[in-house]
Amino acid sequence: MNFHTIILARRDNLLCLTLNRPDKLNSVDAVMREEISLALADASADDTVRAVLLTGAGRGFCAGQDLSERDIRADKASPNLEKSLRDGYNPIIQTLATMPKPIVCAVNGVAAGAGANIALACDFVIAAHSARFIQAFCKIGLVPDCGGTWFLPRLVGLARARSLAMLGDAVDATTAAAWGMIYQCVADDELTAHSEALAARLAQAPTAALGKIKNLLLASGDHSLPAQLALEAKTQDEAGRSADYAEGTQAFLQRRAPAFVGK
Ligand code: LHQ
């Protein structure tokens with residue numbers, strides 16, 4: 001399929017998805033929403049994709065919803081933001097957070113509004129030193145969406161989540177890393193190589209186990225310790241029947257590097 005607002009590139013088992021409306025800081029219009037959804041659905045279903053790298057073209061990562069789009073503008077009689085979120089953005093966030101394979105997000109520049117929270121839904125967020133995160137919603141009279149009110153308190157605690165969401169000030173990448181909001185901040189000229197190396201490494205990892213780890217961590221937020229222990233035991237039983245577990249133990253005993261197949 002031909003995409004107009006994103007670029008897809010395959011490198012072995014790694015899929016690289018680049019948001020590509022650089023003139024508008026990769027703000028998300030209806031076409032981009034649809035194309036991201038389709039690309040992620042394909043990546044989810046394709047066993048040969050074992051990791052995803054998400055980034056943005058140009059000087060920004062993503063400036064959130066395209067505010068010039070007719071259907072969401074406040075000057076329209078009744079913009080239906082609930083529908084836009086329910087049908088457009090929420091499935092994207094849900095897929096990023098639950099797709100049973102690792103997703104690295106290389107934040108190459110400003111990440112604002114929905115753009116910030118799309119990044120936070122990914123498993124490893126690595127930001128360039130000059131990147132900024134802005135919960136821009138309150139500046140235009142909206143509330144954080146795309147999971148912002150769910151991710152932020154879990155990542156940075158309530159006090160910082162309140163300041164981010166209710167002041168809408170920019171947080172630089174160094175602070176975001178220090179707060180635990182993102183995984184790492186790296187020098188601007190190292191972002192591409194660093195995030196590609198991590199994503200390539202993850203694409204060789206035991207994918208099924210990483211997917212299970214991802215979902216265990218997600219489930220832990222709603223579970224008691226006994227419930228989580230039970231889920232770990234059940235999930236470990238499944239992992240223990242995998243080809244990659246057999247390979248991992250044999251490789252260990254034979255003192256060689258494992259060759260995981262992702263299953
Ligand atoms: C943009 C945008 C943009 C269009 C920059 N749209 N053109 C909302 C409603 C509905 C349903 C779902 O959910 C949401 C969620 C949301 O995401 S709400 C939050 C939307 N985003 C924002 O409020 C951020 C708006 N942008 C900004 O505040 C600034 O552009 C930032 C701080 C991101 C970057 O500032 P600068 O580096 O100074 O760049 P700039 O403002 O000059 O922008 C460059 C161009 O990109 C410019 O176009 P132009 O043709 O004049 O060169 C902007 O108009 C355009 N652009 N964000 N969201």
Side-chain angles (χ1 to χ4, degrees), residues 4-7 17-40 54-97 105-122 125 127-153 155 161-176 181-182 185 188 191:
H4 302 285
T5 64
I6 63 172
I7 300 168
L17 192 169
T18 304
L19 307 178
N20 190 33
R21 298 180 73 221
D23 294 349
K24 298 294 170 192
L25 299 179
N26 303 316
S27 59
V28 183
D29 63 4
V31 177
M32 189 189 273
R33 271 198 304 278
E34 182 66 21
E35 292 187 349
I36 297 172
S37 287
L38 278 172
L40 292 179
L54 173 64
T55 193
R59 73 177 177 91
F61 169 68
C62 175
Q65 166 66 39
D66 183 332
L67 294 174
S68 67
E69 207 167 45
R70 208 184 45 219
D71 289 353
I72 59 91
R73 275 207 324 247
D75 58 359
K76 193 169 174 266
S78 59
N80 194 338
L81 303 194
E82 183 178 5
K83 182 171 170 15
S84 159
L85 287 165
R86 197 186 50 222
D87 300 347
Y89 287 94
N90 290 357
I92 292 173
I93 298 299
Q94 186 73 22
T95 304
L96 291 170
C105 184
V107 180
N108 52 299
V110 68
N117 296 334
I118 286 171
L120 297 185
C122 298
V125 186
H129 186 260
S130 64
R132 300 168 285 154
F133 295 82
I134 313 175
Q135 294 292 323
F137 310 88
C138 66
K139 296 201 160 179
I140 54 170
L142 291 181
V143 302
D145 56 26
C146 292
T149 58
W150 196 89
F151 293 115
L152 284 173
L155 291 168
R162 280 193 194 103
S163 74
L164 292 166
M166 295 168 77
L167 297 174
D169 292 338
V171 175
D172 61 61
T174 311
T175 306
M181 193 170 101
I182 63 170
C185 165
D188 286 19
L191 178 72

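Numbering of ligands and ligand atoms starts at 1, following listing order.
Of all the atoms in ligand 1, the ones that sit under 4.0 Å from a non-hydrogen atom of Ile134 are 32 (C). Listed by number with element, the atoms of ligand 1 under 4.0 angstrom from any heavy atom of Asp23 are 45 (C), 46 (O). For ligand 1, the atoms sitting less than 4.0 Å from at least one non-hydrogen atom of Leu81 are 10 (C), numbered in the order shown with element in parentheses. The ligand atoms of ligand 1 that sit less than 4.0 angstrom from a heavy atom of Gly64 are 17 (O). Distances below 4.0 Å separate heavy atoms of Asp66 from the following atoms of ligand 1: 4 (C), 6 (N). Counting the atoms of ligand 1 from 1 in the order shown, those under 4.0 Å from a heavy atom of Tyr89 are 12 (C). Each of the following atoms of ligand 1 lies closer than 4.0 Å to a heavy atom of Asp145: 12 (C), 13 (O), 14 (C), 15 (C). The distance from ligand 1 to the heavy atoms of Leu85 drops below 4.0 Å at these ligand atoms: 12 (C), 13 (O).
The side chain of Leu142, and not its backbone, has at least one atom closer than 4.0 Å to an atom of ligand 1 (non-hydrogen atoms only; side chain from C-beta on). The backbone and the side chain of Leu67 each have at least one atom closer than 4.0 Å to an atom of ligand 1 (non-hydrogen atoms only). By the criterion of a heavy-atom distance under 4.0 Å, both the backbone and the side chain of Ala114 are placed next to ligand 1. When heavy-atom distances to ligand 1 are checked against a 4.0 Å cut-off, Arg132 comes that close only through its side chain, counted from C-beta outward. Looking at Ser84 against ligand 1, only its side chain comes within 4.0 Å, counting heavy atoms.
Counting only heavy atoms, the protein gets under 4.0 Å from atom 48 (O) of ligand 1. Inside a 4.0 Å radius of atom 53 (C) of ligand 1 there is not any protein heavy atom. Protein non-hydrogen atoms do not reach within 4.0 Å of atom 26 (N) of ligand 1. The protein does not reach atom 38 (O) of ligand 1 closely, with no heavy atom under 4.0 angstrom from it. For atom 58 (N) of ligand 1, a protein non-hydrogen atom is found at a distance below 4.0 Å. Counting protein heavy atoms under 4.0 angstrom from atom 13 (O) of ligand 1 gives one or more. The presence of a protein heavy atom under 4.0 Å from atom 29 (C) of ligand 1 is ruled out.
For Val28, the heavy-atom gap to ligand 1 stays at 4.0 angstrom or more. Ligand 1 has Arg59 within reach: a non-hydrogen atom of the residue lies less than 4.0 Å from it.
Annotation: Ser68 places no N or O atom under 3.5 Å from an N or O atom of ligand 1; distance criterion only. Polar contact with ligand 1: present for Ala63 (N/O pair, distance under 3.5 Å).
Looking at every heavy atom in both residues, Pro22 comes nearest to Asn26 through N-OD1, 3.3 Å.
If you take NE2 on His4 and CG on Asp29, they are separated by 11.0 Å, rounding to the nearest 0.5 Å.
Between Gln135 and Asn117 the shortest side-chain heavy-atom distance falls below 4.5 Å.
A salt bridge (Lys or Arg N to Asp or Glu O under 4.0 Å) check over residues 58-70, counting only residues at least two apart or in different chains, returns the pairs Arg21-Asp66, Arg33-Glu69. Within the structure, no pair that satisfies the side chain to side chain donor-acceptor pair (under 3.5 Å) test touches residues 136-153, not counting sequence neighbours.
Within the set Gln65, Glu82, Lys24, Gln135, the minimum heavy-atom distance to atom 3 (C) of ligand 1 is found for Gln65.
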